[in-house]
Protein chains: 2
Amino acid sequence: MRTPATKSTQTRQLLLDTALELFATKGFSGTTMRAIAAESGLSLGNAYYYFESKDAIVHELFRNLLERHRTATWPLLVPGNNLETNLRIALDQALEIMTPFHEFGPAFIRTAFAGAHTELGDIHRALEFGLWRQVVAASRPLPPLAIRNDLPVLLWLIQRGIFLFWAYDSSPGAARSRRLIKNVAPVTARLVVLSRMPVVRSILDDVLSLVRTAS
Amino acid sequence: MRTPATKSTQTRQLLLDTALELFATKGFSGTTMRAIAAESGLSLGNAYYYFESKDAIVHELFRNLLERHRTATWPLLVPGNNLETNLRIALDQALEIMTPFHEFGPAFIRTAFAGAHTELGDIHRALEFGLWRQVVAASRPLPPLAIRNDLPVLLWLIQRGIFLFWAYDSSPGAARSRRLIKNVAPVTARLVVLSRMPVVRSILDDVLSLVRTAS
DNA sequence: ATTGATTTTTGAACATGTTCAAAATTGGTT
DNA sequence: AACCAATTTTGAACATGTTCAAAAATCAAT
């Protein structure tokens with residue numbers, strides 16, 4: 001029902017699959033719209049009938065990766081994990097899945113940040129948020145009630161930061177990003193524990209209200 | 001001595017000036033390399049003799065703006081200002097100067113983030129850092145000694161965040177970014193005051209070590 | 001089946017960033 | 001002045017993202 005397997009959507013999907021394959025093998029700039037069309041056995045203009053731009057294809061690729069991240073991470077958030085572990089898992093998985101597409105970093109950034117207040121941007125955020133909410137909900141002990149509801153936003157923000165860093169991380173094997181992730185997880189977990197203290201709490205509140213200002 | 005006004009550098013400068021003017025009037029994508037060359041009375045290929053790419057010109061424009069920001073802000077950091085005021089001034093000035101080039105946001109982001117570990121990136125960082133150091137040094141009361149040295153890094157990080165937000169802020173007149181700046185200044189100032197408390201201090205230390213991990 | 005509208009496909013064009021070999025110019029050396 | 005090497009300039013080409021009018025195919029209604 002959701003996607004009627006009509007000819008039209010099949011063609012679109014063919015185009016998308018070919019694009020993803022070419023992207024993975026030839027990279028972003030190495031993959032030309034002409035190549036995508038040719039490899040799909042279609043004409044160039046036809047590809048543009050289905051995707052208004054190359055960026056639009058990247059956009060779908062990105063959503064694809066977000067979904068993969070979600071489905072790959074979710075089952076790993078098993079009972080017994082603490083927040084630090086779950087956070088580490090989620091961030092590691094993101095890195096794992098994105099790695100083959102490191103070259104797309106800047107394009108992804110555009111996709112992820114520019115579409116902030118659009119319909120598609122909302123879909124993306126909802127996807128991401130759901131996962132971070134689960135990261136929190138699946139952690140034992142549960143984070144302090146006082147910040148339990150707001151924590152997903154913070155984690156999401158942290159991931160954005162790391163994602164941005166990774167996108168422009170030119171160290172071999174994204175070593176710097178890996179190191180960052182490794183250190184972010186315990187620091188964040190500690191922050192959550194300390195959030196029980198009123199001072200820390202008030203700072204977190206400040207930051208949260210900043211985030212709300214911005215969105 | 002610094003820039004020998006030889007013909008070569010003059011031509012280069014001419015190209016740059018024309019580019020900046022066109023950028024300001026026609027915008028980024030509205031300004032073509034051909035137009036820049038033509039307006040300068042040069043051939044297209046010649047423009048490429050001086051700038052290896054359009055991005056390279058944007059890069060210079062960005063540095064230009066960084067310098068303008070510095071020289072515009074510095075004299076406003078007058079004695080008697082507290083940290084919040086100075087921070088607000090610096091951020092406001094950045095917004096002011098960048099505003100005509102909002103369309104360049106994504107290109108600037110690439111310039112600012114991608115060149116992180118290159119020679120030019122170092123020059124940029126040095127420029128920015130100097131200013132943030134001055135923001136701290138010119139504030140009365142001086143921030144707690146314990147974080148005085150690290151504060152510039154934090155402020156720089158905050159500015160990066162705001163800059164990123166602004167670059168993709170599509171609200172009319174960048175209203176969202178303005179609101180964010182307005183709120184960030186007091187929150188940051190409060191954070192600095194609270195940094196006297198050991199808990200807060202330890203969190204800041206964590207964050208700082210993360211920043212060091214990453215750079 | 002014929003017709004007419006809608007969707008899909010094509011092919012050719014365009015705009016622009018970029019490259020490059022060759023020509024023109026410049027500047028120093030004999 | 002004549003010559004050579006380095007610098008600058010040109011003009012034509014190329015590659016690729018994108019557009020578009022027209023042709024072809026599909027589909028619904030008579």
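A note on names: the letters A, B, ... follow the listed sequences, proteins ahead of strands, and every chain is numbered from 1. Both backbone and side-chain heavy atoms feed into the values below; hydrogens, waters and symmetry mates do not.
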Under 4.0 Å, heavy atoms only, any strand: does B/Tyr50 hit a base, just the sugar-phosphate, or nothing?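 Here B/Tyr50 touches the backbone only, sparing every base.
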Counting any heavy atom closer than 4.0 Å, what does A/Thr31 reach on the DNA or RNA strands: base, sugar-phosphate only, or nothing?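 A/Thr31: backbone/sugar contact only, no base atoms under 4.0 Å.
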5'-most by nearest nucleotide on DNA chain D - A/Gly45 or A/Thr32: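 Looking at DNA chain D, the more 5' nearest nucleotide goes with A/Thr32.
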How close or far is atom [atom2] of [N] from atom [atom1] of [X], stated in whole angstroms?
| X | N | atom1 | atom2 | result |
| --- | --- | --- | --- | --- |
| A/Lys26 | D/dT16 | NZ | P | 12 Å |
| A/Gln10 | D/dT26 | CD | C1' | 15 Å |
| B/Asn46 | C/dA23 | CG | P | 17 Å |
| B/Ile57 | C/dT16 | CD1 | P | 15 Å |
| A/Asp55 | D/dT18 | CG | P | 7 Å |
| A/Leu44 | C/dA13 | CG | P | 14 Å |
| A/Leu15 | C/dT9 | CG | P | 10 Å |
| B/Tyr48 | D/dT7 | OH | P | 23 Å |

Could you tell me whether A/Glu128 and A/Arg70 make a salt bridge, using a distance below 4.0 angstrom between a side-chain N and a carboxylate O?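 A salt bridge is absent here (no side-chain N lies under 4.0 Å from a carboxylate O).
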Electrostatic pair A/Asp169-A/Arg178, nearest N-O below 4.0 angstrom: no
A/Arg34 side chain: which of D/dT10, C/dT9, C/dA13 is closest? C/dA13
B/Lys54 has a side chain; which of D/dT18, D/dT10, C/dG17 sits nearest to it?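 Closest nucleotide among those given: C/dG17.
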Taking the six-membered ring for Trp and the full ring for Phe, Tyr or His, determine whether the centres of A/Phe62 and A/His124 are under 6.0 Å apart. yes
Taking the ring of A/Phe104 and the ring of A/Phe23, is the distance between their centroids below 6.0 Å? yes
Taking B/Ser139 for its side chain and B/Leu142 for its backbone only, find out whether a donor-acceptor pair lies under 3.5 Å.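 Such a contact is absent between B/Ser139 side chain and B/Leu142 backbone.
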Does C/dT9 have its OP1 or OP2 closer than 4.0 Å to a side-chain nitrogen or oxygen of A/Tyr49? no
